[in-house]
Structures are given as structure tokens and as C-alpha cells.
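Here the structure is laid out as C-alpha cells; the discussion comes afterwards.
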Amino acid sequence: MSKNTIMDYDTVALDDAKSALVIIDQTKLPYSTEILELTDLKEIWDAIYLLQVRGAPAIGVAAAIGIYLEAKKIGAVESEFDGFYEKFKKAKEYLDSARPTAVNLSWALNRMEQVVLANKSKSVAEIVKCLHAEAVEIREEDIRVCRAIGEHGLTLIKDGDGILTHCNAGKLAAVKYGTATAPIYVGQEKGFSFKVFADETRPLLQGARLTAFELQESGIDVTLICDNMSNMVMRNGWVNAIFVGCDRVAANGDVANKIGTSIVATVAKRYNIPFYVCAPTATIDMATPTGNEITIEQRKPEEVTEMWYEKRMAPEGVKVYNPAFDVTDNDLITGIVTEFGIARPPYKESLKNIFAMKEKNR
Ligand code: MRU
């Protein structure tokens, strides 16, 4: 199939014939669409760490495919379960260390480990087959989950609405639809049109490089703004709702997402604009009680001082604080849109209900 836009490429996929994890190198977008075929565990770790593949759901899918590929290699030399499992666990821990905040990474890896343990009585070759099936399912599930988030999210907005989003929680952060963009894409399929404002998202510009790009390529009306302009567009009355993604939702509804999300939520509250977090249940971590317990990734100072500039834009030696994520307190969040419906405050109860629904649907 000839590929016309970025929407025709897979963000993250498994190539069985090549035994490779296939990703779009997101550090190169929007200027060039470079496809990477990764076969080595270290390459896959680097791709996650360097944000070549990024966004919580995409990281989870990449990790599932990555650990399957490694298990296949281990299985070729270890036919006894104990030796296989020991090496599998080491590889799993290694991949899990690539980034700390998005819970999807450990969620997907734990799910893969459960497959190993549940099939302990089978041969290693059969276990590897089961891991293949699970990795494929995790990827397919992401499409269904994001679609369902889109359907639920669409009930919160109407044709013509202005929507603001932060970072990239789009197709490029998942397999298809994205999370925060899912209501927009599902709405588009149904003939709705929206006016979307994309925060550029300092310092790594996921909003400018990725969200503005994929929405524009999809024919959606998108306006790029600097992060410090969101108050202006909200005060102007141009925004009816805010949709953002998340990297980890705590049991009390506090949400870790890209740095700057909490500023958007605070300003939205000032202007009574509903602030929705789109969260697959894979991103909800009931084992983390509140946002205070979420580990926030700290990244290199150069991302703030020189990256994207022709010349360094800050004095040599200046101290830099560069957290990749922040925590939005639950009282700023109007609703958390999951594949099982919309959780509303108080989140301690509503998130439990969402998981009860998930259990029932198993
Ligand atoms: O550092 P990134 O680009 O991986 O951060 C991504 C985000 O913060 C997204 O909003 C989040 O992962 C949700 S993606 C559906």
C-alpha cells in the first residue's frame, strides 16, 4: 500500500518475518519519516529512552513486542524453563528501567511475565508462541481501547467545539486514534468538525512536532500555540473542553502527564472549562495511592538550554530543572475517560467501579 500521510504508517508494530520491532523514529518528525527496524534489546531500550517511540500506550506496546523478541532469542538457547525464565526476568527488568513514569511500560511487561508463569508446564517453544500471541493482543487491544475512549469522549463535546490539548496523546503515542485525540478522530469519522488548539509543549515540542503534524495530516482544523498562550485562548472563550492523555493515574485520581499539564488544568478551572484526562485502564495504577508517589522522570538540561536552537539560548553553567512530567491534582479534573466509561469525582470510588467493570468484561 502506498503511504500518503503519517496516518498510513504504523507507530509501533511487529514484523514477524524480520523478527523486528518496527517504529517511526519520532525524533525525526515532522521533517522526515524514518522507519526503524529494531531487533536488539539494547536498541529497543534506547528507542524508548530516547523517545524514538514515546507516549504511554506506544511504550507499552513496544515493550511487549521487545520482550517477545528477546524471549524468542532466549528460547533458541534455553530449552529448560528455569534457565529461560531467569534470562527472561533479567531482560524484563532491563526494559522496565528505560523510563520511570508511564506505568504502561511495567504493565505490559508484567502481563508478558504472567503469560510465562501461566504456561510454565509447557515447553519453552510453546511459551514463546504464547508470548507472541500476547504481544499481538496487547497491540490490537490498544486500538479497541482507544476507539472506546473516543466514543465515550465524544459524548462530552459537540460539533464545532474548540478543544485544547497538551503534548501528544495522539496516534503517534499509541497504535491508532491515540487517547486525547480519539474523541476528535472518532468525531471526524461521524462528520463532526472541531477547532483544536495544540500546545507546543516545551521542551521537547511533542505538541508542535507531533500533534500539530498528525492532526493537520488528518485534515483536522488545528492551531499551534506556545504553552504560555493557553490562558489567552481560554480567556477568549475559544475552548469548550480540554482533553489530555496521561502516563500514570493514581488511585485517588491524581494524574501524571507531560510537564505543563497541571498549568492547563489550573487555568481551565479559572474559566470553568471542563478538563478531561483520557486514560486506558492500563495507565491507571491502583497500587499508587496518590500523585505524590509517582516517580517523575528528570531529563537532561540540554533539552532546555540548547536543543532546537541554532545557538545555545542560556548561559553556560546555569542550573536547569527539567522534569518531564507533572502531577495534576484530582480536584482540577472534571472526568477521566476510560474504555469502560467516564470516571467522575470522587475518583477513589469511581476508578474502583471502572476496574470492577473491567473484571466483569474479562
Ligand atoms: O515524554 P513523552 O512524549 O513520552 O510524554 C507523553 C505524554 O505525556 C502523553 O501525554 C502521555 O504519554 C499519554 S499518550 C496517549
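Atom set for the values below is all heavy atoms of this structure, side chains included, hydrogens, waters and symmetry mates excluded. Just so you know, ligand 1 is whichever comes first in the structure, and atom 1 is the first atom listed for that ligand.
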Distance under 4.0 Å to a non-hydrogen atom of A56: what atoms of ligand 1 satisfy this? 12 (O), 14 (S)

What atoms in ligand 1 come closer than 4.0 Å to a heavy atom of N257? 7 (C), 8 (O), 9 (C), 10 (O), 11 (C)

Polar contact flag, side-chain donor to acceptor under 3.5 angstrom, S19-K72: yes

Treat each ILVMFWY residue as a node, draw an edge where side-chain heavy atoms are under 4.5 Å apart, and state whether L156 and V255 are in one component. no

Under 4.0 Å, heavy atoms only, figure out whether ligand 1 is touched by the backbone of C246, its side chain, both or neither. backbone

Ligand-side contact atoms (ligand 1) for residue partner A169, heavy atom cut-off under 4.0 Å: 14 (S), 15 (C)

Qualifying residues under side-chain hydrogen bond (donor to acceptor under 3.5 Å, both in side chains), relative to D96, sequence neighbours excluded: none

Do K258's NZ or CZ and the ring of F325 fall within the cation-pi criteria of under 6.0 Å and 45°? yes

Any idea which protein heavy atom is nearest atom 6 (C) of ligand 1, and the distance to it? R54 NH2, 3.5 Å

Under 3.5 Å, sequence neighbours excluded: what are the donor-acceptor pairs made by side chains of residues 229-244?
residue, atom, partner, partner atom, Å
S230, OG, D227, O, 3.4
N236, ND2, M232, O, 3.4
N240, OD1, G162, N, 2.7

Shortest protein heavy-atom distance from atom 15 (C) of ligand 1, along with the residue and atom involved: T179 OG1, 3.1 Å

Counting only nitrogen or oxygen atoms and a 3.5 angstrom limit, does D247 reach ligand 1? yes

Under-4.0 Å heavy-atom contact with ligand 1, by part of R99 that carries it: side chain

Under 4.0 Å between heavy atoms, the region of N168 that gets near ligand 1 turns out to be backbone

In ligand 1, which numbered atoms sit nearer than 4.0 Å to a non-hydrogen atom of Q206? 1 (O), 2 (P), 3 (O)

Side chain of Q26, backbone of L172: donor and acceptor closer than 3.5 Å? yes

Using distance alone, decide if ligand 1 has a nitrogen or oxygen within less than 3.5 Å of any nitrogen or oxygen in P57. no

Protein contact to atom 14 (S) of ligand 1 [nearest heavy atom, distance to 0.1 Å]: A173 CB, 3.5 Å

K358 to F340, cation-pi by 6.0 Å centre distance and 45° axis angle: no

Using a strict threshold of under 4.0 Å (side-chain N to carboxylate O), is an ion pair present between R144 and E339? no

Would you kindly specify which portion of C167 sits under 4.0 Å from ligand 1, judged on non-hydrogen atoms: side chain, backbone, both or neither? side chain

Which atoms of ligand 1 are found less than 4.0 Å from any heavy atom of K258? 1 (O), 2 (P), 5 (O), 8 (O)

Would you say the side-chain atoms of D199 and T201 include a donor-acceptor pair closer than 3.5 Å? no

